[in-house]
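Just so we're on the same page: letters track the sequence lines, and every chain starts at 1. We use all heavy atoms of the structure for the numbers below, so side chains are in, but hydrogens, waters and symmetry mates are not.
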Amino acid sequence: MKTSNQEIAELLRSAAAALTIKKGNLFQIRAYETAADGIEHLTSETKDYWQENKLDQIPGVGESIRNYLDEYFRTGKVKHFQNLEAGIPPVVFELLDIPGVGPKTALELAKLGVKSRVNLSKQLNSGELVKKGFSVKLASKITSGLKEADNRTNRMLLPLAASQSRVISDYLKKGPGVVACDPLGSLRRQVATIGDLDFAVASKTPEKVVDYFLKMPGVNRVVSQGEAKVTVMLHTGLHVDLLVGDPDSYGALLQHFTGSKHHNIKLRSYAQEKGYSLSEYGVKKIIGKEVKSKNKEKTISCKTEDQLYKLLGMQTPAPEIREDRGEIEAALRYKLPDLIKLEDIKGDFHLHSNFPLEPSHGPGINPIEEIVGNALALGYDYVGISDHSPSFTKHTFNEIKVLVITRNNYIEQIKSTSKIRVLNGLEVDILTNGDISVPDKTLKTLDYAIAGVHSSHRMAKEEMTKRILKALSNPYVDILAHPTGRLLNERESYNADWEEVFKYCAKNNKLLEIDAYPNRLDLRDDLVKMAKGLGCKFIIDTDAHEISQMEVMPFGIAVARRGWVEARDVVNTWDYKKLAKWFNLKS
DNA sequence: GCCGTTTTCGGCCCGACTGTTTTCAGTCG
């Protein structure tokens with residue numbers, strides 16, 4: 001049985017598509033889609049919710065869908081969904097993820113004899129579909145849609161998205177009549193991976209900006225084009241959306257295009273209750289059931305986002321938390337968190353040097369002295385060096401002890417001459433049975449230890465939870481490194497009962513690391529928020545293996561902000577005295 | 001089908017673009 005969150009969401013989306021084809025209730029269709037969204041964004045498996053009898057805690061899941069899911073987990077199928085889908089060729093559901101193809105188009109294709117995606121491609125190329133009466137324009141649209149779906153690459157990591165975005169916004173800023181230009185969408189919200197790039201431009205002459213944008217180097221084809229709204233595809237396959245708006249209502253445009261979709265839906269529902277209708281043009285007053293005027297002139301325009309949120313009687317939530325995870329409710333009560341900022345960071349604790357402890361672990365390339373010097377240049381008050389521990393498979397515990405002591409002595413010398421505080425740490429392995437790869441008496445000689453899972457990632461959830469908890473129970477382990485082990489676009493998080501792990505950390509003063517390295521961003525933002533709610537403290541580190549990588553700190557800050565974290569929740573924003581107390585250091 | 005610091009009933013975000021539409025349906029963000 002397919003039970004991943006992605007697969008369960010697909011199950012619901014197929015039901016929604018079937019209902020669309022059968023002209024079901026529009027709101028019921030939306031309800032299935034909302035539930036699918038809710039499931040996709042869960043921090044743990046839907047199946048776990050089911051086993052714990054908590055399915056209706058999932059956003060968008062009510063009594064009916066709860067019962068359907070229960071039936072699914074018990075029997076592997078949902079009779080109601082099977083009935084909905086009866087009479088609809090299965091290929092319809094296969095075609096839905098082609099851009100431009102929705103339920104109705106997919107059904108038409110199926111009726112014209114399309115058997116599969118491959119077959120669709122064949123019939124398009126041979127012109128067979130058009131001969132059978134399918135629209136020529138739609139056929140060409142779907143041909144490019146198919147090409148796109150096939151070339152769909154991984155979502156971009158933040159550094160790449162940021163650099164691509166800079167090139168485009170530099171270009172746009174030089175455009176005719178451009179007053180302002182901002183990258184928006186998921187990049188502005190600093191989501192860990194970015195699908196496409198969105199830009200807003202403020203200008204009184206949108207048509208000129210649109211023309212200028214279409215001439216941008218690298219544009220491969222125009223996906224759609226309107227007076228003030230364009231989507232293009234670059235030669236790299238990247239999608240870029242542009243919206244041009246009047247400078248007087250630019251705040252509303254920024255708000256609209258930053259999203260997220262769920263934030264906007266919640267915000268607009270709330271606005272509606274208050275008698276307003278909200279769009280990218282501003283705020284309209286609703287009288288009775290009718291919007292007072294459809295004229296844009298009658299819209300209250302908002303130059304800034306603050307004006308818009310203020311009009312609705314709330315604080316402006318930082319872009320990073322606009323995900324409909326409670327920020328609108330908090331903003332209405334003027335209780336938004338005071339999110340951590342890059343300037344709050346006073347040090348970095350997960351740094352790898354070239355000290356010859358264990359070459360096979362891929363050590364850093366810079367000497368400890370250079371790392372300390374760079375920390376000073378970054379304005380830090382303290383810095384922690386945390387090389388990988390020597391491999392326990394190649395060394396006896398006694399050899400490990402000797403190696404570590406050698407390094408200890410070396411760092412002691414640096415400590416005595418350095419202008420900033422230097423801490424002596426080590427990144428150690430959590431072995432499959434939960435033991436630490438370095439003996440306690442050696443760990444005891446360090447200022448701190450970061451423990452991480454570096455092997456056997458595919459353990460069963462219960463086993464992995466036990467493994468992590470046992471490691472954390474070691475009194476010398478201070479930090480859980482990159483807690484979920486995910487590598488973006490490469491490896492999923494491993495399974496563990498995170499709530500149990502976080503409760504343990506909160507109770508026993510174990511720190512959760514937010515690893516700022518862009519392909520990790522681990523702990524993930526949603527779990528950060530959960531951990532913060534359970535009272536956990538964090539440390540944000542770069543995991544740099546060369547000193548230039550110490551500059552990835554902003555990505556870790558973004559994750560923390562997305563998890564509603566304030567500076568006081570993060571130990572490496574504290575002054576040294578408070579920090580030393582937490583780590584039980586001598587001075 | 002979901003949901004509620006005005007509601008357990010009666011609502012459900014809002015608008016743009018495309019195609020082939022003379023008033024709208026489908027898809028997308």
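In this structure, A:Asn264 places its CG atom 16 Å from C1' of B:dC12, rounding to the nearest Å. As a whole-Å value, the separation of A:Glu207 CD from B:dA16 P is 16 Å. When rounded to the nearest whole Å, the span between NZ of A:Lys261 and C1' of B:dC13 equals 11 Å. In this structure, A:Glu63 atom CD and B:dC9 atom C1' are separated by 16 Å, rounded to whole Å. Atom CZ of A:Arg66 and atom P of B:dC2 are 9 Å apart (whole Å).
Contact check, A:Ser135 against B:dT20: a side-chain N or O comes under 4.0 Å of OP1 or OP2. Between A:Ser277 and B:dC14 there is a side-chain polar atom (N or O) within less than 4.0 angstrom of OP1 or OP2. Considering only side-chain N and O atoms, A:Gln28 lies nowhere under 4.0 angstrom from the phosphate OP1 or OP2 of B:dC12. Contact annotation: A:Ser64 side-chain N/O to B:dC2 OP1/OP2 distance is under 4.0 Å. Within the 4.0 Å cut-off from OP1 or OP2 of B:dC13, not a single side-chain nitrogen or oxygen of A:Tyr270 is found. Distances shorter than 4.0 Å separate some side-chain N or O of A:Gln272 from OP1 or OP2 on B:dC12.
Backbone-only contact: A:Ala228 has heavy atoms under 4.0 Å from sugar-phosphate atoms and none from a base. In this structure, A:Ile265 reaches the bases: a heavy-atom distance under 4.0 Å links it to at least one base atom across the strands shown. Residue A:Leu26 is classed as having no contact, given no heavy-atom separation below 4.0 Å to the nucleic acid.
The side chain of A:Tyr281 lies closest to B:dG15, out of B:dC14, B:dG15, B:dG1. Taking every side-chain heavy atom of A:Ser269 into account, B:dC13 is the closest of B:dC13, B:dG1, B:dC17. Here B:dT7 is the nucleotide among B:dT7, B:dT18, B:dG1 with the atom lying nearest to any side-chain atom of A:Glu273. Side-chain proximity of A:Arg30 to B:dG1, B:dC17, B:dC13: nearest is B:dC13. For A:Ser279, counting side-chain heavy atoms from C-beta on, the closest listed nucleotide (B:dC14, B:dG1, B:dT18) is B:dC14. Proximity note for A:Lys284 (side chain, C-beta onward) versus B:dC12, B:dG15, B:dC2: the nearest is B:dG15. Of the candidate nucleotides B:dG29, B:dG15, B:dC2, B:dG15 has the atom nearest to the side chain of A:Glu280. Side-chain proximity of A:Lys137 to the nucleotides B:dT7, B:dC14, B:dG19 is greatest for B:dG19.
Taking a cutoff of 4.0 Å between a charged side-chain nitrogen and a carboxylate oxygen, A:Glu128 and A:Lys122 do not qualify as a salt bridge. Using a 4.0 Å cut-off between charged nitrogen and carboxylate oxygen, A:Arg188 and A:Asp198 do not count as a salt-bridge pair. Between A:Arg568 and A:Glu566 there is a salt bridge, since at least one side-chain N of the basic residue sits less than 4.0 Å from a carboxylate O of the acidic one.
Comparing A:His239 and A:Val230 against DNA chain B, the residue whose closest nucleotide sits nearer the 5' end is A:Val230. Take the nearest nucleotide of DNA chain B for A:Tyr68 and for A:Ile98: the residue whose nucleotide is more 5' is A:Tyr68.
Ring orientation note: the planes of A:Phe81 and A:Tyr32 are nearly perpendicular, at an angle over 60° on the 30°/60° scale.
No more than 12 heavy-atom neighbours from other residues, nucleotides or ligands sit within 6.0 angstrom of OH on A:Tyr517.
Side-chain atoms of A:Asn154 and A:Glu490 form no donor-acceptor pair, as typed in the model, at a separation below 3.5 Å.
When both pairing distances are held under 3.5 Å, B:dG26 makes a Watson-Crick or G-U pair with B:dC17.
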Counting primed atoms plus P, OP1 and OP2 as sugar-phosphate and everything else as base, spell out the protein contacts along nucleotides 21-26 of chain B at 4.0 Å heavy-atom distance: B, S or - for each nucleotide, 5' to 3'.
-----S
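When each of A:Val130, A:Asn119, A:Leu129, A:Val114 is checked for a side-chain contact (heavy atoms from CB on, under 4.5 Å) with A:Leu124, only A:Leu129 meets the rule.
Annotation: cation-pi geometry not satisfied between A:Lys284 and A:Tyr276 (NZ/CZ under 6.0 angstrom from ring centroid, within 45° of ring axis).
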Could you walk me through whether A:Ser301 and A:Thr299 pass the side-chain hydrogen bond (donor to acceptor under 3.5 Å, both in side chains) check?
CA-CA 6 Å; A:Ser301 17; A:Thr299 305; over 6 Å; no
